[in-house]
Amino acid sequence: MKIVRSPEAMTAWSDQLRREGVTIGFVPTMGALHDGHRTLIRAARLKCDALVVSIFVNPTQFGPKEDLAKYPRPIAKDRALCRAEGVDVCFEPTAKAMYPDGFQTTVSLPSLARRWEGEARPHHFSGVATVVTKLFGIVRPCLALFGQKDFQQAALIQQLVKDLNLGVKIVIRPTVRDPDGLAMSSRNVYLSPHERAVATTLYKSLQAGADAIRQGVADGQAIHTVMTRIVQKEPAMTIDYLAVCDPRTLELLSSVTSRAVLLAAVRLGAVRLIDNLVVAVPAKRA
Ligand code: AMP
């Protein structure tokens with residue numbers, strides 16, 4: 001496995017392979033890799049001839065009070081995982097190489113980024129959209145894989161690729177969970193043993209919302225109440241948002257008639273957990 005740090009060297013490698021007709025798959029990450037990342041890497045490996053994983057803790061998607069400095073960076077372990085999964089290139093640019101003096105362009109999606117994570121983290125999505133656009137320009141993949149775990153981010157990237165004709169096929173893979181249902185996340189390492197034990201409440205609340213929909217509850221507010229009651233029973237957790245939304249627009253649904261995404265963000269100690277479930281109304285009611 002090659003470790004490439006310079007954007008120019010990365011592009012030169014990709015250009016050469018593309019000239020030879022090789023298909024390039026790409027999994028962008030911030031490192032601290034876990035089984036969620038591993039499933040994206042494995043899926044990409046099966047779909048493409050060559051595979052690039054980027055490890056870049058992108059400073060522009062962190063707010064001033066967020067955890068940029070202490071974000072976990074176990075680079076040796078990350079490289080070992082990539083090597084074991086047959087990654088061809090681990091692209092590890094520096095912040096200076098990505099944002100040299102004079103850098104000024106940003107990409108933003110005002111409508112999709114407005115609510116939910118965008119409200120809690122005002123500059124987050126323009127940081128994400130800009131870095132993904134840059135990474136696509138540098139790596140020039142045919143295909144890129146993202147996780148449903150970050151539902152709003154996935155929606156935004158699909159829109160970005162369409163709006164800017166980036167020519168990269170986007171694949172979204174299901175959320176990988178610990179056995180008790182907690183969605184895997186690089187930030188779960190910050191949870192104390194007690195917090196880790198109660199963290200599963202978030203998934204339970206999403207499941208209860210999904211069950212309500214499957215059992216015939218259509219009223220968005222009623223579904224929201226079902227989810228809220230479960231989280232409120234856990235004193236260590238505070239709700240940032242729980243929402244019953246249209247999976248395409250991410251706007252609130254007053255009534256669930258076909259499909260919904262249940263979006264959730266809570267705070268637990270120093271950690272902010274996000275999760276979601278997509279639910280379809282059973283066929284006989286749709
Ligand atoms: P990150 O390193 O957190 O920026 O995540 C890199 C990619 O991995 C993103 O596309 C995430 O949505 C995806 N990802 C993170 N956690 C999970 C998970 N538990 N299951 C599936 N994909 C995930």
Do other residues, nucleotides or ligands put more than 12 heavy atoms under 6.0 Å from the NE2 atom of His123? no

Are Lys149 and Asp275 within salt-bridge range, i.e. N to O under 4.0 Å? no

Same apolar cluster (I L V M F W Y, side chains within < 4.5 Å links), Phe136/Leu160: yes

Take the angle between the ring planes of Tyr241 and Trp116 and call it parallel below 30°, perpendicular above 60°, tilted in between. tilted

I'd like to check the salt bridge (charged side-chain N to carboxylate O under 4.0 Å, His left out) partners of Arg248; sequence neighbours left out, ordered by chain and number. none

Just one of Leu206, Thr225, Ile230, Thr228 clears the side chain to side chain contact (heavy atoms under 4.5 Å, CB included) bar with Leu242, so which one? Thr228

Pairs satisfying salt bridge (charged side-chain N to carboxylate O under 4.0 Å, His left out), at least one member in residues 23-33, at least two apart: none

For Phe56, enumerate each residue passing the ring-ring contact (aromatic ring centres under 6.0 Å, His included) test, keeping only those at least two apart in sequence or located in another chain. none

Restricting to ring-ring contact (aromatic ring centres under 6.0 Å, His included), what partner residues turn up for Phe62, sequence neighbours left out? Tyr71

Pairs in or reaching into residues 58-69: which pass side-chain hydrogen bond (donor to acceptor under 3.5 Å, both in side chains), with residues at least two apart or in two chains? Asn58-Thr60, Asn58-Gln61, Asn58-Tyr99, Thr60-Tyr99, Glu66-Arg121, Asp67-Arg187, Asp67-Tyr190

Main-chain N/O of Glu251 paired to Thr249 side chain as donor or acceptor, under 3.5 Å: yes

Report the residues that fulfil salt bridge (charged side-chain N to carboxylate O under 4.0 Å, His left out) with Glu234, sequence neighbours left out, ordered by chain and then residue number. none

Checking Trp13 now: which residues fulfil ring-ring contact (aromatic ring centres under 6.0 Å, His included) with it, not counting sequence neighbours? none

Name all residues meeting the side chain to side chain donor-acceptor pair (under 3.5 Å) criterion together with Ser6; count only those two or more places apart in sequence or in a different chain, and write none if there are none. Glu8

Residues passing the salt bridge (charged side-chain N to carboxylate O under 4.0 Å, His left out) test with Lys96, sequence neighbours excluded, are Asp101

Give every donor-acceptor pair under 3.5 Å between a side-chain atom in residues 166-173 and any protein atom, sequence neighbours left out.
none

Salt bridge (charged side-chain N to carboxylate O under 4.0 Å, His left out) assessment of Glu85 paired with Arg45: CA-CA 8 Å; Glu85 296 300 332; Arg45 186 63 285 173; over 6 Å; no

Results of side chain to side chain donor-acceptor pair (under 3.5 Å) for Asn276 - residues two or more places apart only: Gln148

Determine yes or no for a side-chain-to-main-chain donor-acceptor pair under 3.5 angstrom, with Arg259 supplying the side chain and Val281 the backbone. no

For the backbone of Arg115 and the side chain of Gln152, can you confirm whether one donor and one acceptor N or O come within less than 3.5 Å of each other? yes

Could you tell me whether Asp178 and Arg196 have a side-chain N and a carboxylate O separated by less than 4.0 Å? yes

State whether the side chain of Glu195 and the backbone N or O of Ser192 hold a donor-acceptor pair below 3.5 Å, judged by distance alone. yes

Is it the case that one hydrophobic cluster holds both Leu51 and Val4, taking links as side-chain heavy atoms less than 4.5 Å apart, direct or via other members? no

Strictly by modelled atom types, are Gln232 and Arg229 linked by a side-chain donor-acceptor pair under 3.5 Å? no

Check ring-ring contact (aromatic ring centres under 6.0 Å, His included) between His224 and all other residues, then give those that pass, not counting sequence neighbours. none

